[in-house]
Amino acid sequence: MDANQPKQEHLLALKVMRLTKPTLFTNIPVTCEERDLPGDLFNNLMKDDPSTVKGAEIIMLGEMLTLPQNFGNIFLGETFSSYISVHNDSNQVVKDIQVKADLQTSSQRLNLSASTAVVAELKPDSCIDDVIHHEVKEIGTHILVCAVSYTTQAGEKMYFRKFFKFQVLKPLDVKTKFYNAESDLSSVTDEVFLEAQIQNITTSPMFMEKVSLEPSMMYNVSELNTVYKDSDRSSTFGTKTYLQPLDTRQYLYCLKPKPEFAEKAGIIKGVTVIGKLDIVWKTNLGEKGRLQTSQLQRMAPGYGDVRLSIETIPDTVNLEEPFEIMCKITNCSSERTMDLILEMCNTNAIHWCGVSGRQLGKLHPSSSLHLTLTLLSSVQGLQSVSGLRLTDTFLKRTYEYDDIAQVCVVSSKFPAES
């Protein structure tokens with residue numbers, strides 16, 4: 001083809017429009033007192049204005065809707081919708097028309113066309129319409145690529161493309177913190193608390209429809225964002241669940257290992273997957289957005305090779321009267337069998353009853369044994385249970401356990417409540 005030959009005009013025209021909900025029309029009320037120079041002029045003008053609310057003309061918000069004047073912002077988690085129209089501007093019948101819409105992101109190219117079927121013919125002043133939808137799952141630059149191919153009456157195959165670039169912004173800033181639970185029965189437990197801080201970083205309010213934690217297969221979750229009183233339940237955030245721009249809200253969840261995993265000491269250690277947050281919100285006129293975080297991970301607390309925890313212990317005991325506690329000893333190693341010896345060392349207040357230095361036998365990897373021990377206290381008040389020692393005869397290593405629990409000791413003149 002001669003380079004100086006003029007470029008051929010296409011017979012078809014492509015139009016692309018983003019589909020968004022309209023906004024409520026707002027006006028700026030201008031009013032004055034009757035004794036001012038304009039008198040009732042401004043008030044009468046506002047009453048005659050069709051955009052104002054009758055009887056409430058001084059309110060900025062009107063009853064009319066405004067169509068979008070520009071492309072607007074697109075946020076991660078929202079649904080991008082677009083109207084595509086191919087119109088035959090010529091006086092010829094065009095054949096074999098095919099319209100294709102792709103969305104190019106930084107990592108992939110997605111086909112958004114509802115149908116890629118070829119339209120047999122398109123008469124003059126006729127059009128082919130299509131509406132595409134896509135839930136945005138990546139931030140950054142997106143390019144909508146619309147391609148049209150057709151055949152003229154002369155049999156010439158024609159093809160053209162148009163590109164529409166837009167940015168996808170981040171709507172929420174989500175930060176998470178993990179807290180290991182502390183217990184009266186042992187220094188650490190397998191419970192973990194998750195605090196999720198969610199900040200609205202858009203320029204408009206959000207209605208927070210749902211913020212939930214989907215736990216991994218190892219955990220059960222309890223949400224701590226609801227207050228129960230009698231048969232009523234209410235949100236800790238009150239009846240208004242709106243999140244204003246730049247406002248932050250904190251959600252709290254408690255996770256407990258499922259019994260089948262809690263019994264296996266070697267599983268919940270190191271880096272463990274907790275679950276993921278599922279956040280659903282609504283913006284202008286009910287437009288919905290949804291975000292799911294990636295799998296949240298935490299470093300499980302280390303218990304060493306051997307873990308000793310208290311299963312049962314009385315809250316209150318009598319002075320110088322024996323009482324029983326039940327201990328659970330777990331071999332946290334996943335490979336090594338241990339041969340354990342239990343030693344009981346008295347303290348100033350706590351005195352152990354029984355034989356110290358007794359053999360507990362072999363404890364296989366990731367297995368546990370329960371042990372009932374008897375002790376008494378010679379001092380009143382809140383006393384710490386200390387003085388247990390476990391020795392692994394294979395490695396000649398001794399593990400010390402102090403302050404593993406607390407018990408309230410009262411005088412025998414005031415019997416302890418059962």
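Since we're looking at a predicted model, the values are computed, not measured.
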Practice item. Please lay out, stage by stage, how Lys15 and Met17 fare under the test side-chain contact (heavy atoms from CB on, under 4.5 Å). Key: CA-CA 7 Å; Lys15 297 180 179 179; Met17 180 191 304; over 6 Å; no
**Study point:** Rounded distance [0.5 Å steps], CG in Leu296 versus CG in Leu213
**Key:** 7.0 Å
Practice item. Measure across Thr330 and Ser368 and return the closest heavy-atom pair with its distance rounded to 0.1 Å. Key: OG1-OG, 2.9 Å
Revision key, fill the gap. Rounding to 0.5 Å, atoms CD (Gln167) and CD1 (Ile139) come to a distance of 10.0 Å
Practice item. Give a yes-or-no answer on whether the side chains of Asp403 and Ser386 include a donor-acceptor pair shorter than 3.5 Å. Key: yes
Review point. With distance as the sole criterion, is a donor-acceptor pair present between the side chains of Ser377 and Gln383 under 3.5 Å?
Key: no
Review point. Has Asp315 got more than 12 heavy atoms of other residues, nucleotides or ligands less than 6.0 Å from its CG?
Key: no
Revision key, fill the gap. Minimal heavy-atom distance between Leu371 and Leu360, with the atoms involved, is CD2-CD2, 4.0 Å
Exercise for review: Answer yes or no: are there more than 12 heavy-atom neighbours, outside Glu335 itself, under 6.0 Å from its atom CD?
Suggested key: no
Check your understanding: Leu390 versus Arg397: any side-chain heavy-atom pair under 4.5 Å?
Key -> no
Point to revise | Minimum side-chain heavy-atom gap Trp281-Glu209 below 4.5 Å | key: no
Review point. For Asn331 and Leu363, which heavy atoms make the closest approach, and how far apart are they?
Key: ND2-O, 3.0 Å
Exercise for review: Using the six-membered ring of Phe394, assess whether NZ or CZ of Arg336 lies under 6.0 Å from its centre and within 45 degrees of the ring axis.
Suggested key: no
Exercise for review: Look up atom CE in Met208 and atom CG in Asn200, then write down how far apart they are to the nearest 0.5 Å.
Suggested key: 8.0 Å
Point to revise | Closest non-hydrogen atom pair, Pro257 against Tyr219 | key: N-CD2, 3.7 Å
Practice item. Under the ring-ring contact (aromatic ring centres under 6.0 Å, His included) rule, collect the residues that match up with Phe166, sequence neighbours excluded. Key: Phe71, Phe80, His142
**Study point:** salt bridge (charged side-chain N to carboxylate O under 4.0 Å, His left out) against Arg290, all qualifying residues, sequence neighbours excluded
**Key:** Asp278
Practice item. Measure the spacing between CD1 of Ile201 and CZ of Phe75 and express it to the nearest 0.5 Å. Key: 8.0 Å
Review point. Just by distance, do the side chain of Thr236 and the backbone of Asn225 share a donor-acceptor pair under 3.5 Å?
Key: yes
Check your understanding: Can you check whether Met344 reaches Leu373 side chain to side chain, under 4.5 Å on heavy atoms?
Key -> yes
Check your understanding: To the nearest 0.5 Å, how far apart are CG in Asp173 and OG1 in Thr202?
Key -> 12.0 Å
Under 3.5 Å, sequence neighbours excluded: what are the donor-acceptor pairs made by side chains of residues 118-132?
| from | atom 1 | to | atom 2 | distance (Å) |
| --- | --- | --- | --- | --- |
| Ser126 | OG | Lys123 | O | 3.4 |
| Asp129 | OD1 | Tyr83 | OH | 2.9 |
| Asp129 | OD1 | Ser85 | OG | 3.0 |

Check your understanding: Is any side-chain heavy atom of Thr79 less than 4.5 Å from a side-chain heavy atom of Lys288?
Key -> no
Study note, to complete from the structure: Closest heavy-atom pair, Asn88 versus Leu11, reported as atoms and distance to 0.1 Å, is OD1-O, 3.5 Å
Point to revise | N/O donor-acceptor pair under 3.5 Å between Ser113 side chain and Ala101 backbone | key: yes
Check your understanding: Tell me, do Thr398 and Glu343 make a side-chain contact under 4.5 Å, heavy atoms counted?
Key -> no
Exercise for review: Indicate yes or no: at least one non-hydrogen side-chain atom of Leu388 is less than 4.5 angstrom from one of Trp352.
Suggested key: yes
**Study point:** Exercise: identify the closest heavy-atom pair between Val407 and Ile313
**Key:** CB-CD1, 4.5 Å
Review point. Which value, rounded to the nearest 0.5 Å, describes the distance between Tyr401 atom OH and Cys327 atom SG?
Key: 10.5 Å
**Study point:** pair Val306-Asp392: side-chain heavy atoms closer than 4.5 Å
**Key:** no
Practice item. Scan side-chain atoms only and decide if Gln197 and Glu195 contain a donor-acceptor pair under the 3.5 Å cut-off. Key: yes
Exercise for review: Answer yes or no: does atom OH of Tyr242 have more than 12 heavy-atom neighbours from other residues, nucleotides or ligands under 6.0 Å?
Suggested key: no
Exercise for review: Please examine the side chains of Leu375 and Phe323, heavy atoms only from C-beta on, and report whether any two atoms are closer than 4.5 Å.
Suggested key: yes
